[in-house]
Amino acid sequence: MVLPRRIRPLTSAELGHLTVDRLLAYRKQALCLENSLAASDYTDLTHRLDNTYIWFKDDPRWLPLYTSILDELARKQNRDDAV
């Protein structure tokens, strides 16, 4: 069985180095994660999921990461509008 989608959490500094296009792609990746392990077909693979990554939206790291992505996008888009 194939492992579910995952995302490597980036720090605010790492997000700051991404272009708007890359931030949008990263946001899309974050949104494509499954909502929860409990609602997933992958409950039998929990032992194989690397805790370094975020696998599901119910991970406590997901919402702060998603908020940081949106904040960085807004910051970069506002900066571009000011130029």
Side-chain angles (χ1 to χ4, degrees):
M1 180 176 266
V2 177
L3 291 175
R5 294 176 194 241
R6 66 183 185 179
I7 190 169
R8 184 175 67 85
L10 298 179
T11 65
S12 294
E14 290 171 315
L15 290 172
H17 291 292
L18 299 180
T19 64
V20 170
D21 288 340
R22 184 63 190 111
L23 281 166
L24 289 170
Y26 189 66
R27 177 185 165 272
K28 184 177 180 179
Q29 266 187 298
L31 289 172
C32 286
L33 297 180
E34 292 188 50
N35 289 329
S36 70
L37 176 62
S40 171
D41 294 337
Y42 297 100
T43 54
D44 58 331
L45 297 176
T46 56
H47 64 283
R48 294 182 54 196
L49 301 180
D50 183 348
N51 288 333
T52 306
Y53 296 94
I54 297 173
W55 297 87
F56 302 97
K57 290 179 187 172
D58 68 347
D59 185 311
R61 300 171 294 172
W62 185 86
L63 185 57
L65 175 63
Y66 188 71
T67 301
S68 294
I69 295 167
L70 295 180
D71 290 346
E72 186 61 30
L73 272 168
R75 189 183 69 75
K76 287 192 175 192
Q77 289 173 336
N78 286 338
R79 185 181 68 201
D80 289 347
D81 289 343
V83 174

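- Atoms CD and CG, on Glu34 and Asp41 in that order, are 7.0 Å from each other to the nearest 0.5 Å.
- Not counting sequence neighbours, the partners of Ser36 by the side-chain contact (heavy atoms from CB on, under 4.5 Å) test are Ala38, Ala39, Asp58.
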Name every donor-acceptor pair, under 3.5 Å, that has one atom in a side chain of residues 18-26 and the other anywhere in the protein, sequence neighbours excluded.
unit_1	atom_1	unit_2	atom_2	d
Thr19	OG1	Arg22	N	3.1
Tyr26	OH	Arg8	O	2.4
Tyr26	OH	Leu10	N	3.2

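- Between the Lys76 side chain and the Gly16 main chain, a donor and an acceptor come within less than 3.5 Å of each other.
- When the salt bridge (Lys or Arg N to Asp or Glu O under 4.0 Å) test is applied to Arg27, no partner is found at least two apart in sequence or on another chain.
- Taking NZ from Lys57 and SG from Cys32, the interatomic distance works out to 7.5 Å, rounded to the nearest 0.5 Å.
- Scored by the side-chain contact (heavy atoms from CB on, under 4.5 Å) test, Asp50 finds Thr52, Tyr53, Trp55 as partners (sequence neighbours excluded).
- Listed by first and then second residue, the salt bridge (charged side-chain N to carboxylate O under 4.0 Å, His left out) pairs that reach into residues 59-68 are Asp59-Arg61, sequence neighbours excluded.
- A distance-only check finds a donor-acceptor pair linking the side chain of Trp62 to the backbone of Ala30 [under 3.5 Å].
- Shown here are the side-chain contact (heavy atoms from CB on, under 4.5 Å) partners of Asp71, two or more places apart in sequence or in another chain: Thr67.
- A distance of 11.0 Å separates CG in Leu73 from OG in Ser68, rounded to the nearest 0.5 Å.
- Side chains of Leu33 and Tyr66 form no contact here, defined as non-hydrogen atoms less than 4.5 Å apart.
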